[in-house]
Asks: 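Supplied in structure tokens, the structure appears directly below.
Quick note on labels: first sequence line is chain A, next is B, and so on, each numbered from 1.
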Amino acid sequence: MPVLTVHSAGPGVTVQDLGRPGWTAQGLSRGGAADRLALLEAAALLDHDTGLAVLEMAGFGGVFSTDRPLRIALTGALMQASIDGVPVPPNTSQLLAAGAKLTIGGARAGVYGYLAFAGGIVTTPVMGSRAAHLTAGLGRALVADDILPLGGDPAPDTPPRRLDSTDRYSGGLIRLMPGPQTDLFDDATLARFLSTSFRRDPRGNRQGVRLDHDGAPFGVASGLSITSDLIVAGDVQLTGDGVPYVLLAECQTIGGYPRIGTVIPADLARTAQAAPGTVLQFTLLDIAQADATAQSDADLLRTLRQACQPLIRDPHDIADLLRYQLVSGVTAGDDLEQDGDGTQG
Amino acid sequence: MPDIAINDSTGDLAICPLGLDGVLVRFSRALSPQANGAAHAFCDAVIAAGLPGVTEVAPSLTSVRVGFDPAKTDRHNLTHALRDLLALLRDADTSPRRLWRIPVAFGPDHAPQLAEAAKLAGLTPDLAVAQITALQLRVLAIGFAPGQPYLGMMPPHWDIPRQSELTPKVPRGALVTAVRQLIIFAADTPTGWRQIGQSAFSVWRPDSDRPFALDPGDAVQFVAVSDDTLRDLQANPDSNGGATCEVLR
């Protein structure tokens, strides 16, 4: 069985898949990739199904190698990556030769990068998933000298592909749907919430991200004595001091602080990928509008597969491709050197 | 305001969206033994009904979330099916199936906010401990973290609000309180609840055949032990924190 060797790793590198649904009654949230779309993009590039397990890299990658040639894909946050010094463009599949060093640096745009291997990571599933769930104490962050089993690439000769990824690193308008506690907020508070520009606070992890804003906190009269109730990923919870947190994959399953609404799944990746300082604003859909955005993982993967194209390997074209993929507010990498700031702001 | 809830004309009952793939049936906004019993009975009824497209059914203190696959059913059809089940809901046997006795230390090393919580409840620390250990509490829900029980209900003077600031870290096994309930923490956790004791009992054992110790509806009685006794229990991982479990029915 081929193996992945971790030569070094940033502090937040974990194995992730689409998570562990079905344990809410026992208090365990689904977990899984913070940016599920990025995981599906990797699955599309590598002809995998929705069961693919990958490495999620929060903020910083590491140095990795495998003992067999196999294809890899890098999706999600834009991270400087190279194989034995040769740059690897994002959102492509590439062959990683046996023993070659894949080096992945810090995120230039976004937060969570994904490194996928054709055939997937095949660690032993726990309760139906390979995903580390750090807040539940399932699994752990990877460290240097970890060795993980890989499934093996069934078709390493498949030509490289690319997939034009949507920008989800520059925040913007995030769609909320109403939830069971939206009506605890009076109309004026709700209107003010929807007209406020928030900035992603540095505090945040796979459980949730804190948002900052100028002006008064957002509260409800009964804010500290509400009966605790069920929570889902995407819920926007106002803690006791009136500060919003958007809850992510490793959220708690029950909580008492009031929730003003739920970020729809299609916009949750943009929330998770908003680096500190990124500006976010919310809009509230009605239930029918929200329900119309539902798309199954299988449907999404089918669409992404169809969007994959052969990678044109001419270096000039690759440079152009990078520009084509990035939209305003996200840097292409070269201008990062110009402003000397590796964070998106 | 959008039409977020279908309110029952007779009371608190509401059917609300909770995520694109979920419907929440809430029996009351206020916790009571009746609302909690109704939620658990309804959860059992929804599971037994085997409705098409339903993916997951989970109870909380006063509500049940029914998850669905939008490719197989929709919110409208599911809501109708749930209304039909609500109309058929009858009283069920809600007596506890099991009684747990769990040692807890309330001494100065293990109960940093006991005095503060007791004061908010209008009690001395000794009286607060006496009241906590005299009661057989029920597991009203499992949640927040894996296996973590919401226990209640304490008498009305224990209706202590959560703190407005989070305590950065309360240890695994901690006994905390707010809003007439107690929780034993599954893991080290930031929290707005006040820590009033410490157990060595593991509610979440991911490496065991039975990863979740407690079930909703179980009865729990706390037994006061000294700080030294608790340290001995903590040092012995096979002791299950000194807890015992008696099957009642």
Asks: So for L24(B), is it side chain, backbone, both, or neither that comes closer than 4.5 Å to the heavy atoms of chain A?
Replies: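 The answer is the side chain of L24(B).
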Asks: Walk me through it: do I226(A) and V179(B) pass the test side-chain contact (heavy atoms from CB on, under 4.5 Å)?
Replies: CA-CA 8 Å; I226(A) 291 172; V179(B) 290; over 6 Å; no
Asks: Looking at chain B, which one of S228(A), A290(A), G137(A) has the largest number of heavy-atom pairs inside 4.5 Å, strictly under?
Replies: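 If we count pairs closer than 4.5 Å to chain B, S228(A) comes out on top.
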Asks: Do any pairs count as a side-chain hydrogen bond (donor to acceptor under 3.5 Å, both in side chains) and have a residue in residues 208-219 of chain A, sequence neighbours left out, and if so which ones?
Replies: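 Listed by first then second residue: R210(A)-Y245(A).
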Asks: For chain B, which candidate among I231(A), D229(A), L138(A) shows the most heavy-atom pairs at distances under 4.5 Å?
Replies: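 Going by pairs under 4.5 Å, I would pick D229(A).
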Asks: Considering only heavy atoms, which portion of A178(B) lies under 4.5 Å from any heavy atom of chain A: side chain, backbone, both, or neither?
Replies: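 Neither part.
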Asks: Do any of residues 22-32 of chain A have a heavy atom less than 4.5 Å from a heavy atom of chain B, and if so, which, in residue order?
Replies: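 Those residues of residues 22-32 of chain A which have a heavy atom under 4.5 Å from chain B are G22(A), W23(A), T24(A), A25(A), Q26(A), G27(A), L28(A).
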Asks: Please output the residues of residues 53-65 of chain B in contact with chain A, using a heavy-atom cutoff of under 4.5 Å, in numerical order.
Replies: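 At a heavy-atom separation under 4.5 Å, chain A is reached by E56(B), V57(B), A58(B), P59(B), S60(B), L61(B), T62(B), S63(B), V64(B), R65(B).
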Asks: Over all heavy atoms of both residues, which pair between I254(A) and G143(B) is shortest? Give the atoms and the distance, please.
Replies: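 For I254(A) and G143(B), the tightest heavy-atom pair comes out as CD1-CA, 3.9 Å.
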Asks: Any chance you could measure L166(B), atom CG, to D241(A), atom CG, to the nearest 0.5 Å?
Replies: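 Output value for this atom pair is 7.0 Å.
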Asks: Search all heavy atoms of P17(B) against all heavy atoms of P178(A) and return the closest pair with its distance.
Replies: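 Distance-wise, the nearest heavy atoms are CG-O, 3.5 Å.
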Asks: Answer yes or no: is there a donor N or O on one side and an acceptor on the other, between the side chain of T227(A) and the main chain of R29(B), under 3.5 Å?
Replies: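 Flag set: sc T227(A) to bb R29(B) pair under 3.5 Å.
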Asks: Once you round to the nearest 0.5 Å, how far does CG of L18(B) lie from CG of D235(A)?
Replies: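 The CG atom of D235(A) is 6.0 Å from CG of L18(B), to the nearest 0.5 Å.
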Asks: Step through the shown structure and confirm whether more than 12 heavy atoms of other residues, nucleotides or ligands are within 6.0 Å of CZ on R180(B).
Replies: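 Result for CZ/R180(B): enclosed.
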Asks: Using non-hydrogen atoms and a 4.5 Å limit, figure out which bit of D299(A) sits close to chain B: side chain, backbone, both or neither.
Replies: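 No part of D299(A) comes within 4.5 Å of chain B.
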Asks: Chain B: which of D291(A), I264(A), T135(A) shares the most heavy-atom pairs with it under 4.5 Å?
Replies: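 Winner by heavy-atom pair count: D291(A).
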Asks: Spell out the residues in residues 144-155 of chain B that have some non-hydrogen atom less than 4.5 Å away from a non-hydrogen atom of chain A, in order of number; otherwise answer 'none'.
Replies: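 Hits under 4.5 Å: F144(B), A145(B), P146(B), G147(B), Y150(B).
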